[in-house]
Undergrad: 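The following block contains the structure, expressed as structure tokens.
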Amino acid sequence: MTSSTPKPLRVVVTGATGNVGTSVMRRLAEEPRVVSALGLARRTPRLSYPGVEWAACDLTAPEAPDQLLRLFEGADAVVHLAWRFQPTRDAAVTWEANVLGSLRVFEAAATVGVPALVHASSVGAYAPGPADGHRVDESWPTHGWPGAAYTREKAYLERVLDTFERDHLDVRVVRMRPAFLFKESAAGEQLRIFGHRLLPGRLLRPDLLPVLPGVRGLRFQALHTDDAADAYARAVVQEVRGPFNLAADPVIDGQVLAGLLESRSVELPPALPRAALSAGWRLRALGASPGLFDAVLRLPLLDTARAREELGWSPEHSATEALDAFLRGVRSHGGLPTAPLAGHESAAAPAGHHAAGPPPGRGRRPGGGSAQWWRRASMSWLLVIRDRPSIPTRLACS
């Protein structure tokens with residue numbers, strides 16, 4: 001190999017079987033410079049890509065520190081994607097998996113001398129956006145919104161990496177800060193995480209949603225997961241450092257969402273959907289916490305100029321195409337043969353299980369688990385009415 005020939009790379013990816021992980025593993029398998037990609041997950045999948053191997057690794061297990069040292073030996077880059085969203089009602093559990101698990105990854109990478117660490121941060125790490133709504137670059141403060149575990153943990157790890165970079169100047173650290181990531185095969189996982197595993201996805205059809213309640217002031221960005229994976233792969237093979245914002249256009253608001261569902265958008269004050277979400281979360285009918293709703297309302301819009309200029313990156317899909325892929329996946333119950341993406345009927349689906357269709361009773365009110373979800377959802381609205389007696393009738397009935 002001459003000095004002008006790029007070095008072949010061996011890459012290790014944590015959290016390799018989820019939404020982002022499966023796309024990153026496939027993209028690395030297509031990257032000419034990557035000769036070996038090892039995907040780590042709590043449960044190994046029955047998923048095959050050229051040049052890709054899998055290993056079981058639970059970052060919270062007592063043996064994880066020693067195991068990571070062995071798995072990282074000889075690696076040219078570690079891509080850290082592992083993240084646990086649930087349970088939102090027990091912040092100690094997510095803290096152990098996300099923060100303490102990340103510390104183990106960082107420490108192992110430094111100990112064995114991995115030259116590059118690519119970390120999955122998030123738009124959620126940023127402090128609330130500017131009042132005038134202008135887009136922010138990577139210099140915007142990463143304090144996060146304090147009311148949600150997800151944003152607290154993402155922001156905390158930004159501080160950890162500040163110290164890590166100071167103490168390990170020989171490690172090339174890259175922080176990816178993407179907007180919301182969607183693809184068809186991950187829709188079931190996302191519905192289960194943020195909604196409920198028994199939420200009937202087939203309700204998201206134009207003929208069943210003539211009117212879509214919107215949240216006044218809600219604006220966010222989206223990106224197809226495959227486009228995010230392309231940015232991760234570019235960060236692995238290029239000599240770049242620092243944070244990169246990732247997002248696609250257009251900015252998503254109530255009108256854009258209504259257009260995707262062929263519905264009419266009706267704006268509501270944030271207090272009403274927040275009250276419904278809070279009630280649903282208290283009754284365990286929904287997985288997303290009201291604190292996360294508060295955080296989303298305050299997220300900044302991202303300027304992606306640095307990723308486009310330094311990585312040569314540009315998304316192939318628009319934000320609406322990414323959301324449309326999610327909606328297709330919700331309706332079709334699609335997935336991949338990995339434990340997280342196998343289907344949203346079971347949060348503990350065995351590795352390799354690929355659901356071919358909806359389970360008995362999905363989307364039907366009588367009998368089974370779906371009936372329980374309908375009862376909980378109905379009770380959520382009753383709690384809203386009880387807790388918010390001053391809601392105007394014209395809004396409650398619109």
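Every heavy atom of this structure was used, including side-chain atoms; hydrogens, water molecules and symmetry mates were not. Just so it is clear, the model here is predicted, and its values are computed rather than measured.
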Undergrad: Would K183 and T22 count as having a side-chain donor-acceptor pair, cut-off 3.5 Å?
TA: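 Judged by distance alone, the side chains do pair up.
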Undergrad: Which residues pass the salt bridge (Lys or Arg N to Asp or Glu O under 4.0 Å) test with R159, not counting sequence neighbours?
TA: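 Partners of R159 by the salt bridge (Lys or Arg N to Asp or Glu O under 4.0 Å) criterion, ordered by chain and then number, come out as D162.
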Undergrad: Which residue pairs pass the salt bridge (charged side-chain N to carboxylate O under 4.0 Å, His left out) test when at least one of the two sits in residues 98-111, sequence neighbours left out?
TA: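 Salt bridge (charged side-chain N to carboxylate O under 4.0 Å, His left out) check on residues 98-111 returns no pairs.
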Undergrad: Quick one: are the ring centres of Y156 and W95 less than 6.0 Å apart?
TA: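 Y156 vs W95: aromatic centres under 6.0 Å.
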Undergrad: Can you find a pair of side-chain heavy atoms, one from V251 and one from R135, that are under 4.5 Å apart?
TA: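 Counting from C-beta outward, V251 and R135 do come under 4.5 Å.
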Undergrad: Honestly curious: do W83 and L59 fall in one hydrophobic cluster under the side-chain, below-4.5 Å linking rule?
TA: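 The answer is yes; both residues are in one hydrophobic cluster.
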Undergrad: Mind telling me whether H134 and W140 have parallel, tilted or perpendicular rings, with 30° and 60° as the class edges?
TA: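 Rings of W140 and H134: perpendicular, as their planes differ by over 60°.
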Undergrad: Which of these passes side chain to side chain contact (heavy atoms under 4.5 Å, CB included) with H119: V173, L157, V174?
TA: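 Checked V173, L157, V174 against H119; only one passes side chain to side chain contact (heavy atoms under 4.5 Å, CB included): L157.
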Undergrad: For R177, enumerate each residue passing the salt bridge (Lys or Arg N to Asp or Glu O under 4.0 Å) test, keeping only those at least two apart in sequence or located in another chain.
TA: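 Once residues adjacent in sequence are excluded, the partners of R177 under the salt bridge (Lys or Arg N to Asp or Glu O under 4.0 Å) criterion are E158.
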Undergrad: Distance only, no hydrogens: is a donor on one side chain within 3.5 Å (strictly under) of an acceptor on the other, for E153 and T94?
TA: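 Side chains of E153 and T94: pair found under 3.5 Å.
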Undergrad: Are side-chain N/O atoms of T304 and R308 paired as donor and acceptor at under 3.5 Å?
TA: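 Judged by distance alone, the side chains do pair up.
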Undergrad: Only one of F293, W145, F85 forms a ring pair (Phe, Tyr, Trp, His ring centres under 6.0 Å) with Y150, so which one is it?
TA: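 Exactly one pass, corresponding to F85.
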Undergrad: Salt bridge check: are R27 and D230 linked by an N-O gap of less than 4.0 Å?
TA: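 Yes.
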Undergrad: Before we go on, tell me: are the rings of F106 and H168 under 6.0 Å apart, centre to centre?
TA: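 Ring centres of H168 and F106 not closer than 6.0 Å.
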Undergrad: Check step by step if salt bridge (Lys or Arg N to Asp or Glu O under 4.0 Å) holds for D294 and R274.
TA: CA-CA 8 Å; D294 296 336; R274 190 193 190 284; 2.8 Å; yes
Undergrad: Closer than 4.0 angstrom, basic N to acidic O: yes or no for E267 and R216?
TA: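 Counted as a salt bridge, because a side-chain N and a carboxylate O are separated by less than 4.0 Å.
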